[in-house]
Amino acid sequence: MSSAVGGQDMARNFVRSVVVLTVCILATAALLLPVAIREQGTGNLAGLAFVTAMFLVSSWISEAASLRLHRSGSALAAMGLSMGIRTVPPLLFCFYLAARGYSGRENFALIGYLFAFYFVTLVVETRLAVK
């Protein structure tokens, strides 16, 4: 009986974490919206939407993986994997831009979006993990 209750508690914590992360990411996107409206090129609305979606998906996957490892009793591995899942997509995207020959100056707004979302998700996910 207690494992069922514990499982329900873990599922409730997962849903709460996903909702909190989603709200924080969407709030960050709303704060960046005026910048995206004024920008040309990759920092426009489509760029902001892409970065928002990338961080939403990676945060959801990160939380699911963290929950799975927490159930097995490995909190440190859960935090490490969660950080990796959250970090790899923006790094791969920056690598893609660099490999395509884009300079930082022409993608400054887009890179700023990546930093803003990374910082927000880092703070929120760390707070949720530490409880």
Side-chain angles (χ1 to χ4, degrees):
M1 177 86 163
S2 69
S3 67
V5 171
Q8 289 174 348
D9 189 42
M10 292 287 266
R12 197 176 4 242
N13 285 341
F14 172 72
V15 170
R16 185 188 64 123
S17 296
V18 166
V19 168
V20 168
L21 277 165
T22 301
V23 167
C24 289
I25 289 170
L26 293 178
T28 303
L31 289 172
L32 293 171
L33 193 59
V35 175
I37 290 171
R38 289 191 321 255
E39 287 295 320
Q40 302 291 325
T42 60
N44 62 8
L45 286 172
L48 178 61
F50 173 77
V51 172
T52 302
M54 179 175 60
F55 274 92
L56 280 172
V57 171
S58 66
S59 292
W60 297 336
I61 293 170
S62 171
E63 283 299 306
S66 178
L67 173 70
R68 180 125 173 121
L69 284 175
H70 268 294
R71 282 184 178 167
S72 68
S74 181
L76 185 60
M79 288 189 70
L81 181 63
S82 177
M83 182 183 68
I85 292 170
R86 184 182 61 247
T87 305
V88 169
L91 286 176
L92 286 176
F93 185 65
C94 287
F95 179 74
Y96 169 78
L97 291 174
R100 297 286 300 203
Y102 290 103
S103 71
R105 185 170 297 158
E106 62 190 42
N107 295 296
F108 187 71
L110 187 66
I111 293 168
Y113 302 156
L114 291 170
F115 277 116
F117 281 109
Y118 183 78
F119 180 73
V120 167
T121 57
L122 174 68
V123 170
V124 172
E125 285 184 5
T126 302
R127 175 66 180 112
L128 291 170
V130 173
K131 295 182 180 117

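Basis for what follows: all heavy atoms, side chains included, without hydrogens, waters or symmetry-related copies.
- Considering only heavy atoms from C-beta on, Leu67 stays 4.5 Å or farther from Glu63 through its side chain.
- In terms of hydrophobic clustering, with Ile, Leu, Val, Met, Phe, Trp and Tyr side chains grouped at heavy-atom distances under 4.5 Å, Leu110 and Ile25 are assigned to a common cluster.
- A single hydrophobic cluster is not seen to contain both Val123 and Leu31; linkage of ILVMFWY side chains at heavy-atom distances under 4.5 Å, directly or through other members, places them apart.
- Side chains of Trp60 and Thr22 form a contact here, defined as non-hydrogen atoms less than 4.5 Å apart.
- The shortest distance between side-chain heavy atoms of Thr52 and Leu32 does not fall below 4.5 Å.
- Shown here for Ser58 and Ile85, the closest heavy-atom pair between the two residues is O-CG2, 3.5 Å.
- Looking at Leu45 and Leu33, their side chains come closer than 4.5 Å, going by heavy atoms from C-beta outward.
- In this structure, the separation between CG on Leu122 and OG1 on Thr87 is 8.0 Å, given to the nearest 0.5 Å.
- Taking CG of Leu56 as the reference point, atom CG of Leu21 lies at 9.0 Å (rounded to 0.5 Å).
- Proximity of Met54 to Tyr113: side-chain heavy atoms (C-beta onward) are nowhere separated by under 4.5 Å.
- Of the possible donor and acceptor atoms, one in the side chain of Thr121 sits under 3.5 Å from a partner among the backbone N and O of Tyr118.
- Scanning for salt bridge (Lys or Arg N to Asp or Glu O under 4.0 Å) contacts around Glu125 gives Arg86, with sequence neighbours left out.
- With sequence neighbours excluded, the residues satisfying side-chain hydrogen bond (donor to acceptor under 3.5 Å, both in side chains) with Thr42 are Asn107.
- Atoms CZ and SG, from Arg127 and Cys24 in turn, are 11.5 Å apart once rounded to the nearest 0.5 Å.
- Leu128 CG to Asn13 CG: the interatomic distance, rounded to the nearest 0.5 Å, is 9.0 Å.
- Val35 is connected to Leu48 through a chain of hydrophobic side-chain contacts under 4.5 Å among Ile, Leu, Val, Met, Phe, Trp and Tyr, so both are in one cluster.
- Side-chain heavy atoms closer than 4.5 Å link hydrophobic residues (I, L, V, M, F, W, Y) into clusters, and following such links, possibly through other members, connects Ile37 to Phe117.
- Considering every non-hydrogen atom in both Leu114 and Cys94, the closest pair reads CD1-SG, 3.6 Å.
- Cluster partners of Leu92, using a side-chain heavy-atom cutoff of under 4.5 Å among ILVMFWY residues and allowing indirect links, are Val88.
- Contact record, Pro90 with Phe55: CG-CZ, 3.5 Å, taken as the closest heavy-atom pair.
- The distance from the OG atom of Ser66 to the CG atom of Leu81 is 8.0 Å, given to the nearest 0.5 Å.
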